Amino acid sequence: MSDGMGGGRPGPGALIFDVDGTLAETEELHRAAFNAAFAAHGLGWHWDRPTYGALLAVTGGKERIRAYRDRHAFALPRETDIAGLHADKTRRYGRMVAEGALCARPGVLSLVAEARGHGLRLAVATTTSPDNVEALCRALWQRPAGEIFDVIAAGDEVGAKKPAPDVYLLALARLGIAGEAALAFEDSAVGLASARAAGLKVVACPSLYMSGDDFAGAWWLTPSLDGAWRHIAASF
Ligand SMILES: [Mg+2]
């Protein structure tokens, strides 16, 4: 690359990343944590990928447990035990993240490094909690989130979650740039809609569970971010 994007070419000034499904396949770890908790509680349940994929339509972990129990007319867990079972799952998930069970999706680490090296600013726009962002960054980069991303817009900082544009608009405001100056990275149609509504071009890189989504309107639809910097530098 001759000039990078700091030269005459009007490349993006910032990259803004979704977290769950985009930086890492977090749902697979959630699924593993659910299954470990089920085994520890002697339920005899195992959620395979198709089962969990269908359950993702139910929002919330406790709600997913309840929906599965009711769908199959299982007697257990009792209603009063669901919160405890889910708390156990959450502890297991946190431990797994801390132990390094998550790895970055292909291309993510090099894309972040290349963009940083070319002087772009980096941000996160996610509806997951700031704690989860922190845990994930420590797992992926062995560094605090604030050392990887200049701006973090996360959790309940905005009123309307994706697909509303709010969290992207917040990230843009904190970066001090307009939507056209940034490029978003998303793994789902809901995230794509959010970023587009905020005026961003979007790289859509579908995650395992979102591969059936409709990604029409993406600036670039790719199965992997491996080598993404070259494409972005040449095409933005
Ligand atoms: Mg996502």
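Given the structure is predicted, the values throughout are model-derived calculations rather than measurements.
The two atoms that bring Cys137 and Pro144 nearest to each other are CB-C, 4.4 Å, heavy atoms only. Taking every heavy atom of both residues into account, Val108 and Thr22 meet most closely at CG2-O, 3.7 Å.
Aromatic ring centres of Tyr93 and His30 lie closer together than 6.0 Å.
With salt bridges taken as basic N to acidic carboxylate O contacts below 4.0 Å, one links Arg69 and Glu79. In summary, Glu157 and Arg174 engage in a salt bridge, as defined by a charged side-chain N under 4.0 Å from a carboxylate O. For Asp88 and Arg92, the salt-bridge test passes: some basic side-chain N is under 4.0 Å from an acidic carboxylate O. Salt bridge Arg230/Glu114: absent, no basic N to carboxylate O contact under 4.0 Å. Ionic pairing of Glu27 and Arg31 is not present here: no N-O contact between side-chain nitrogen and carboxylate oxygen is shorter than 4.0 angstrom. Under a 4.0 Å N-O distance rule, the pair Asp18/Lys162 qualifies as a salt bridge.
Note that CG of Asp81 is 14.5 Å distant from NE2 of His86, once rounded to the nearest 0.5 Å. Taken to the nearest 0.5 Å, the CZ atom of Arg95 stands 11.0 Å off from the OG1 atom of Thr90.
Ring geometry, Phe74 versus His72: the interplanar angle falls under 30°, so the pair is classed parallel (tilted spans 30 to 60°). In this structure, Trp219 and Phe236 have perpendicular ring planes: the angle between them is above 60°, well past the 30° mark. Taking the six-membered ring for Trp and thresholds of 30 and 60 degrees, Trp47 and Phe34 have ring planes inclined between 30 and 60 degrees apart.
Listed by chain and number, the residues in a ring-ring contact (aromatic ring centres under 6.0 Å, His included) with Trp220 are His231 (sequence neighbours excluded).
Side-chain contact check for Tyr209 and Glu28: at least one donor-acceptor pair (N or O, by modelled atom type) lies under 3.5 Å. Defined by atom type and a distance below 3.5 Å, a donor-acceptor pair is missing between the side-chain atoms of Tyr68 and Glu63.
A donor-acceptor distance shorter than 3.5 angstrom exists from the side chain of Glu25 to the backbone of Leu208, with no hydrogens or angles considered. In this structure a side-chain-to-backbone donor-acceptor pair under 3.5 Å is present from Ser188 to Gly191. With hydrogens and angles ignored, the 3.5 Å screen pairs a side-chain donor or acceptor of Arg105 with a backbone N or O of Cys205. A distance-only check finds a donor-acceptor pair linking the side chain of Glu134 to the backbone of Ala145 [under 3.5 Å]. Not a single donor-acceptor pair under 3.5 Å links the side chain of Arg121 to the backbone N or O of Gly13. In terms of modelled atom types and a separation under 3.5 Å, the side chain of Asp214 and the main chain of Ala216 share a donor-acceptor contact. At distances below 3.5 Å, not a single donor-acceptor pair connects side-chain atoms of Arg138 with backbone N or O atoms of Gln142. At least one donor-acceptor pair under 3.5 Å links the side chain of Ser194 to the backbone N or O of Ala164.
Linking Ile, Leu, Val, Met, Phe, Trp and Tyr whenever their side-chain heavy atoms come within less than 4.5 Å puts Leu122 and Val133 in one cluster.
Around the CZ atom of Arg196, the shell of radius 6.0 Å holds no more than 12 heavy atoms that belong to other residues, nucleotides or ligands.
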